[in-house]
J.: 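Structure below; questions to follow.
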Amino acid sequence: MLIWLRVLGSRIWGVVRRRRMDDEFDRELQSHLEMLAEENVRRGMAPEEARRAALLRFGGVSQAKESHRELRGLPAVETLAADLRYALRTLRRSPGFTAVAIVSLTLGIGANTAIFTVIDAVLLKSLPVKEPGRLAMLTDPDKRGRGSLYCYRAYTELRERNAVFSGLLARSNWDEEFYLSIDGGRVERASFEVVSGNYFAVLGVNPYVGRTFSLEDERPPGNPVVVLSYGYWRERFAADPAVIGRTVQIRSHPFTIIGVTPPGFFGIQVGAAPAIRIPLTAATTLWPPKRDNNANGNYLDDPRLNMLHTNWLQLVGRLNPGVSFQQAEASLQPLNQQIRQEEVELGNWEGMSMNRSGRRQFLERRIAVSSAARGFSRLRQSFSEPLLVLLALVGVVLLIACSTLANLLLARGVARRREIAVRLALGAGRVRVARHMLIESLVLACVGGALGVLVAWWGASALIAAAPGGAPGLVVGPDARVLGFTLGLSLLTGLLFGLAPVFQALQTQVMEALKAQGGALAGQASQIALRKGLIVLQVALSVLLLAGAGLFVRTLRSLKSLDTGLDLTRVLQMSVAIHPYSPATENQKRQYYQQLIDRIESLPGVRSAATSKSILLHHDKYNWPITVPGHETLRVSTNPVTSRFFETLKIPLVAGRAWSRQDNYRPVREAVVSESFARHMFGDVSPIGHSLSTFTDRSYAIVGVVKDSKHHNNLRQDDSRAVYLSPAEFWDGGLEIYVRAAGDPGKLIAAVRHEVQSINPEAQVFDIKTMEAQVDELLSNERLVARLSSLLGLLAALLAAIGLYGVIAYSVARRTREIGLRVALGAGRTHIQWLVLREVLPLTGAGVALGVAAALAVTRLARNLLFGVTPNDPATLAGAALLMCAIALLAGYLPARRATRVDPMVALRHE
Amino acid sequence: MPEGKSEVLQGTLDLMVLKTLECLGSLHGYGIARRIEQISEDVLQLNQGTIYASLVRLRQKGWISAGWGTSENNRKAKFYAITRSGRKQLHAETENWERVSGVIGRLLGLAR
């Protein structure tokens, strides 16, 4: 074994020092021959004869040299190196072609790599923790991949009594930011994650500075300590190791910083990077169960308040060695049943008792165990479909670029026929010549790929920035997998378009090529057919892309012009909250908002203002259980609002009334329902006069009905059942303020902000934007896809047009003599143009037909992404086909025009 | 009985080169070729150039070493010498050869 290593080493050295070794060997041979000659002379031969005899006795000198060359180095490597050098030389000789090829390859490969990078980061990558493959999440059998939620009691029971996990962690399932103050300094905001004590242990994450949590920290009432993320530590504390021991005030509770997590660790939610982590028992001090003037206990602000009873935790466990996911799932079912039984007996279900069917459903719920290697991701859910569509699109564009390049190479191959023929005549193997063509293509592809990595880096970052909600924790950059993808794609691309000239070279007829007069471009029939076939393919793919782009653009348009039931023009939206560690009571907060609304309404340019608990067209939605006595309990989108809400957002009242302005601030309990809710609950009977109740078991009188409107962040969803409550008991926590402006709402921002803070300096306002901007954000995915697909579609059509132009121009050049003859015989300009265009038509026609057929087959795959337009929408397909025809005709027109300017005298002399 | 030229297997040539160098010490290519021809009493008539392939192979495996020097006639030539691992290899191969030829000899009834 060692011997072969030594041999390999010598051979590699032989490659490096090849020239020197060859020279040395020459000298050695010389000396050998001379010694032989000497011996012959001693034997009595004449010097001339001696030399000849020596050569004979020696055997073949050139054979000896050749075998020496083969043995001393690595012949395969050296041939490859020689081929590469030759390829680079030939490419340098035609800089124009090389530049065009490299640019199109860079863009094509770069775009594909960019999308792949993002897909890798969002969909494929495993979490940066220890052995992510052994992590399992507890989910619903119907919703694998999205962790189901547990209450604290169920979690601790599962943790203690299971037999399949070496550790089971819990984390909060919401992204939230809290106010905090460091060492009593100014107030800031940061993102949080609330976790169990064994969170870091289960994930196998060691602290970078200080220590991380232990189960001790979780023991109730919970240790008031926090762990910082590396990014936050570096940004806010300038990576100061003395941060350990400093105090962080969160909602007037002091917490001590005990450690920092290592760089690269962001948690188990892809796309989020919480800055601070708190043990979940300690976190509940941040929302104590309220004992307020409203004696019922107020869970309404944060249903997760009472953590024992509320389902707010996602659970992830590390499987014991040797335990499979199926085994774990089977083993947990009986335990799951038991725990649910105990929950029912203890009366746990968000503080309410369950009716019988609800209880049965709860008990029958099974547990499922699926892989948590890639963590949770809201981003994945919202972004993966557009990403896959984009991947398909850029893949098609790359194919088009490949066929364009193949065409170019074929054209170039024709020009190089003599060179190839000469090489073949001199004894080069056909395979060697073909291999050389392939290496040229691969070199082009690899250079394009290398540059494409840079393009991809920029492109991936831009794409992430356009992701819904941004993605703070997502770092994209060339890593091993991405680079491997790029290399593989480059080689594949090179092979794809490189095969065409290879076939061409393999088919070269030596005699014919050598005989051909310089300039004659008699192409072989099969080659022309190949080139035409490629054009048809390009046209077809372009039509496909244009059709897709058309569909996505129309989707965007439909969504934008969708009737949301709200008038979103000229409305300003903002979130306002009293400073969290202000001692203000709920009453005082109510007074604050009252004052605020009054003041805002008195500002010049303001038509009306209102508060709202939930943010419209945002994922933050309150789905509260609404009970109508004598009817069912339904989870409905519920929103406590002040009376002018409907006026501000122009939701028309269709029956009854809303509560009065004064009633906003009195303990009046009235409700307004949406039409579809009324229809669902009461049928044709008017709901006015009935009552309903929610969490608080207080009764609200239904006084009015409004038209349906959309409130969910998914505009495509149809459920418009909603209940609006008077704000009597909902003044705590943050509120949204909606302001209708007479003119441009943007101009009011500064004035409104000023009002918020002048009344109570502890109030904070954030996220001020117009409603139109909010909707734009909602549609960011659709907009991204529409824009990119349009761009790619036009790019594809352009490439196809260039290809078409090339083929037609080539054909015209080939027929110069014929054209000259016709002109000399009296053919008119139109006739000549028609002659040329006649070649364009079948190509375009075939391509368009093929493209439309492909579109019909393929677009249905994107059905989920479309809205307001069917996948086989004839208008869009027709539009795409016509656009491509127009572009193709234009591409063919230019060489046609040039054909008419042929001077017959020149042409007839042309060979 | 000399049968004229016979084919020499590659590995066998390597073996003969090693043996030559062991007996005669440091020698140049021409010298090795001559010696092999002499020993075989001209039964083995190889093209002298072919030993260079052997020399390259043996050198790559580390069984011989090489260096430039001057010959008896004050000519510059490349000299080869056997190395320690070369000696080991030679002895192993020789043993192997003897054992194999012994067996074959017995089979063919040549041993007396």
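In what follows, every chain begins at residue 1, and chains take the letters A, B, ... in the order their sequences are listed. Computed from a prediction, not measured in an experiment: that's the story for all the values here.
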J.: Using a 4.5 angstrom heavy-atom cutoff, name the option from B:W63, B:W68, B:Y30 with the most pairs to chain A.
T.: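 Most heavy-atom pairs within the cutoff with chain A belong to B:Y30.
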J.: Most heavy-atom pairs under 4.5 angstrom with chain A, which of B:K78, B:H28, B:K61, B:R75?
T.: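 Top count of heavy-atom pairs under 4.5 Å with chain A: B:R75.
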J.: Does any non-hydrogen side-chain atom of B:R34 lie less than 4.5 Å from one of A:M35?
T.: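 They are not in contact (no side-chain heavy atoms under 4.5 Å apart), so the answer is no.
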J.: Mind checking the CD-CG spacing from A:E28 to B:L55? Nearest 0.5 Å is all I need.
T.: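 It comes to 7.0 Å.
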J.: Taking side chain as C-beta onward, heavy atoms only, is B:E37 less than 4.5 Å from A:R57?
T.: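 B:E37 vs A:R57: side chains touch.
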J.: Does A:R43 CZ have over 12 foreign heavy atoms under 6.0 Å away?
T.: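 Yes, CZ of A:R43 has more than 12 neighbouring heavy atoms, counting only those of other groups under 6.0 Å.
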J.: Is any side-chain heavy atom of B:Q60 less than 4.5 Å from a side-chain heavy atom of A:R11?
T.: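 Yes, close enough: below the 4.5 Å cut-off.
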J.: Give the member of B:G29, B:G31, B:G62 that has the highest number of heavy-atom pairs under 4.5 Å with chain A.
T.: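 Maximum pair count with chain A is reached by B:G62.
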J.: Taking side chain as everything from C-beta outward and backbone as N, CA, C, O, which of these in A:Q63 sits under 4.5 Å from a heavy atom of chain B? Side chain, backbone, both or neither.
T.: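 Neither the backbone nor the side chain of A:Q63 comes within 4.5 Å of chain B.
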J.: Starting at CZ of B:R57, measure out to OG of A:S10 and round the result to the nearest 0.5 Å.
T.: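 If we round to the nearest 0.5 Å, B:R57:CZ and A:S10:OG are 13.5 Å apart.
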J.: Heavy atoms only, distances under 4.5 angstrom: which of A:E39, A:R27, A:K65, A:Q30 has the most pairs with chain B? Name it, please.
T.: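 Between A:E39, A:R27, A:K65, A:Q30, the count favours A:E39.
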J.: If we only count heavy atoms from C-beta on, is the A:L29 to B:Y52 side-chain gap below 4.5 Å?
T.: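 Result yes, sub-4.5 Å side-chain heavy-atom pair found.
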J.: Taking atom CG of A:L2 as the centre, does the number of heavy atoms from other residues, nucleotides or ligands within less than 6.0 Å exceed 12?
T.: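 Counting neighbours around CG of A:L2, 12 or fewer heavy atoms of other residues, nucleotides or ligands fall under 6.0 Å, so no.
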J.: Tell me whether the count of non-hydrogen atoms from other residues, nucleotides or ligands lying under 6.0 Å of CZ in A:R51 goes above 12.
T.: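 No - once you tally the heavy atoms of other residues, nucleotides and ligands closer than 6.0 Å, there are 12 at most.
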J.: Measuring from B:I51:CD1 to A:H32:NE2, what's the distance to the nearest 0.5 Å?
T.: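 So the gap between those two atoms works out to 6.0 Å.
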